[in-house]
Amino acid sequence: MGWEMTDVPELPEVETVRRSLETLIVDRTIRSVDVHLNRIVRSPTVSEFCARLVGQTVRGVGRRGKYLLIDLDTDVLVSHLRMEGRYGFYSAYDPVETHTHIVFQFDGRTELRYRDVRQFGTMDLLERPALHLLPGLRDLGVEPIEAGFDGRYLMTAFRRRRAPVKAVLLDQTVVAGLGNIYVDEALYRARVHPERRAHTLSAKDAAAIASAVREVISQAIEQGGSSVKSYVNGFGKPGGYQFALQVYGRTGQACAGCGSSIVKGRVAGRGTHVCVHCQRPPRNATISRKSSDVSPRRAGVK
DNA sequence: AATGGCCTCCGGACGC
DNA sequence: TGCGTCCGGAGGCCAT
């Protein structure tokens with residue numbers, strides 16, 4: 001696993017976790033719950049969280065955007081991995097790894113463990129009818145790989161937004177589940193510079209972005225995502241999509257299309273990877289050909 | 001009122 | 001080695 005990448009679970013990685021969990025925990029009954037780090041549990045109180053979970057059986061595992069939805073008898077456990085949350089399925093005798101914050105014990109000496117180095121992940125336990133009230137989950141926009149997400153939909157969102165297109169694509173109320181990696185990848189494939197103001201984009205740009213998003217996300221799902229960190233040990237194979245990445249993490253390397261160097265800068269407060277030759281910078285762009293002449297900090301030479 | 005941008009949470013990685 | 005800085009998803013806050 002020497003090719004483990006430092007990245008954050010986005011839709012494809014969460015979907016990969018969902019599929020793994022589905023095979024591992026559906027039909028299992030929770031016998032006890034240990035919470036070692038209270039901050040992960042946002043609602044209800046930690047004691048109620050544990051008490052209500054005990055005795056419930058997992059009926060299914062869903063996903064909406066980057067949220068995992070663990071369906072129980074009467075409740076739904078809503079889990080967001082944020083930066084580095086991950087699940088693992090273990091024997092109760094397996095040594096407990098560092099940063100293990102929550103443990104769900106099942107029958108037969110098996111456990112689902114939640115680990116999270118950054119401690120940013122969250123869990124909420126809600127009764128099923130209250131699911132649509134949870135802030136964040138409640139406000140999500142369309143799923144990028146479902147009907148309704150297309151150039152026209154994006155154009156409607158773009159028209160009223162003056163922010164950089166990257167910021168709009170990262171806005172979960174517009175599209176659910178995109179994060180830094182796949183936005184950079186999709187914009188590269190659509191040949192749109194991330195600093196373009198959304199409202200200046202043409203319908204053609206919006207259509208190109210929509211199809212690039214769909215393509216990147218569906219291919220990443222097929223490959224099991226590109227985040228090794230979010231896999232479920234033993235089952236979900238490590239993702240393979242990192243080998244398909246064209247710009248993310250390739251600072252200083254050659255663009256596959258034109259051979260010029262991939263440049264890294266900052267847009268919407270995020271590290272942003274661009275081929276300034278294939279993605280024409282708008283006027284006043286901070287990531288432009290000029291800035292690309294300044295030597296990159298590190299060429300990822302292998 | 002809605003929008004955009006900045007700050008916060010945290011600790012590992014990295015630079016000096 | 002030791003210390004400071006950086007990084008980021010989403011929620012909170014504030015200015016416009």
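Remember, it's a predicted structure, so these values are computed and weren't measured experimentally. Just so we're on the same page: letters track the sequence lines, and every chain starts at 1.
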Report the C-alpha separation of Val175(A) and Leu140(A) in whole Å, then their side-chain angles, then the decisive distance to 0.1 Å, and conclude whether the side chain to side chain contact (heavy atoms under 4.5 Å, CB included) test is met. CA-CA 7 Å; Val175(A) 190; Leu140(A) 291 177; over 6 Å; no

Are any protein N/O atoms closer than 3.5 Å to N/O atoms in nucleotides 2-6 of chain C? If there are, list each pair with its distance.
none

So which of His193(A), Arg266(A), Lys166(A) actually passes side-chain hydrogen bond (donor to acceptor under 3.5 Å, both in side chains) with Thr272(A)? Lys166(A)

Taking atom types as modelled, is there a side-chain donor on Asp184(A) or Tyr182(A) under 3.5 Å from an acceptor on the other? no

Take atom CD of Glu84(A) and atom C1' of dG8(C), then tell me their distance rounded to the nearest Å. 9 Å

Please state how far atom CG in Asp171(A) lies from atom P in dC6(B), giving the value in whole angstrom units. 16 Å

Whether each nucleotide of nucleotides 9-16 of chain C has a protein heavy atom under 4.0 Å at its base (B), only at its sugar-phosphate (S) or at neither (-) is summarised, 5' to 3', as BBS-----

Identify all pairs in which a protein N or O lies below 3.5 Å from an N or O of nucleotides 3-5 of chain B, and state each distance.
{"residue": "dT3(B)", "atom": "OP1", "partner": "Arg160(A)", "partner atom": "NE", "Å": "3.0"}
{"residue": "dG4(B)", "atom": "OP1", "partner": "Arg162(A)", "partner atom": "N", "Å": "2.5"}
{"residue": "dG4(B)", "atom": "OP1", "partner": "Ala163(A)", "partner atom": "N", "Å": "2.8"}
{"residue": "dG4(B)", "atom": "OP2", "partner": "Arg161(A)", "partner atom": "NE", "Å": "2.3"}
{"residue": "dG4(B)", "atom": "OP2", "partner": "Arg161(A)", "partner atom": "NH2", "Å": "3.0"}

Between Gln119(A) and dC9(B), is there a contact of a side-chain N or O with OP1 or OP2 at under 4.0 Å? no

Salt bridge present between Arg86(A) and Asp116(A) (N-O < 4.0 angstrom): no

Expressed in angstrom and rounded to an integer, what is the separation of Asp116(A) atom CG from dG8(C) atom P? 17 Å

Any ion pair linking Arg113(A) and Asp94(A) (charged N to carboxylate O, less than 4.0 Å)? no

Flag yes if Leu53(A) and Leu37(A) sit in one hydrophobic cluster, no otherwise; membership is Ile, Leu, Val, Met, Phe, Trp, Tyr, and two members link when side-chain heavy atoms are under 4.5 Å apart. yes

Is the backbone N or O of Asp73(A) less than 3.5 Å from a side-chain atom of Gln56(A), with the two atoms forming a donor-acceptor pair by type? yes

With no hydrogens and no angle check, do the side chains of Ser202(A) and Asp205(A) hold a donor and an acceptor under 3.5 Å apart? yes

Nearest-Å distance, NE2 (His101(A)) to P (dG11(B))? 8 Å

What residue pairs, at least two apart or across chains, pass side chain to side chain donor-acceptor pair (under 3.5 Å) with a residue in residues 117-135 of chain A? Arg42(A)-Asp124(A), Ser43(A)-Asp124(A), Asp71(A)-Arg128(A)

Using a 4.0 Å cut-off on heavy atoms, which residues in residues 148-157 of chain A reach DNA chain B? List them by number, or say none. none

So, Tyr87(A) versus Ser20(A): side-chain donor-acceptor pair below 3.5 Å or not? no

Under the criterion side chain to side chain contact (heavy atoms under 4.5 Å, CB included), I'd like the reasoning laid out for Val78(A) against Leu126(A): C-alpha separation, chi angles, the key distance, then a yes or no. CA-CA 8 Å; Val78(A) 181; Leu126(A) 295 97; 3.8 Å; yes

Could you tell me if Glu185(A) and Tyr241(A) have a donor-acceptor pair between their side chains, going purely by distance under 3.5 Å? no

Which pairs with one or both residues in residues 29-40 of chain A pass salt bridge (Lys or Arg N to Asp or Glu O under 4.0 Å), sequence neighbours excluded? Arg31(A)-Asp107(A)

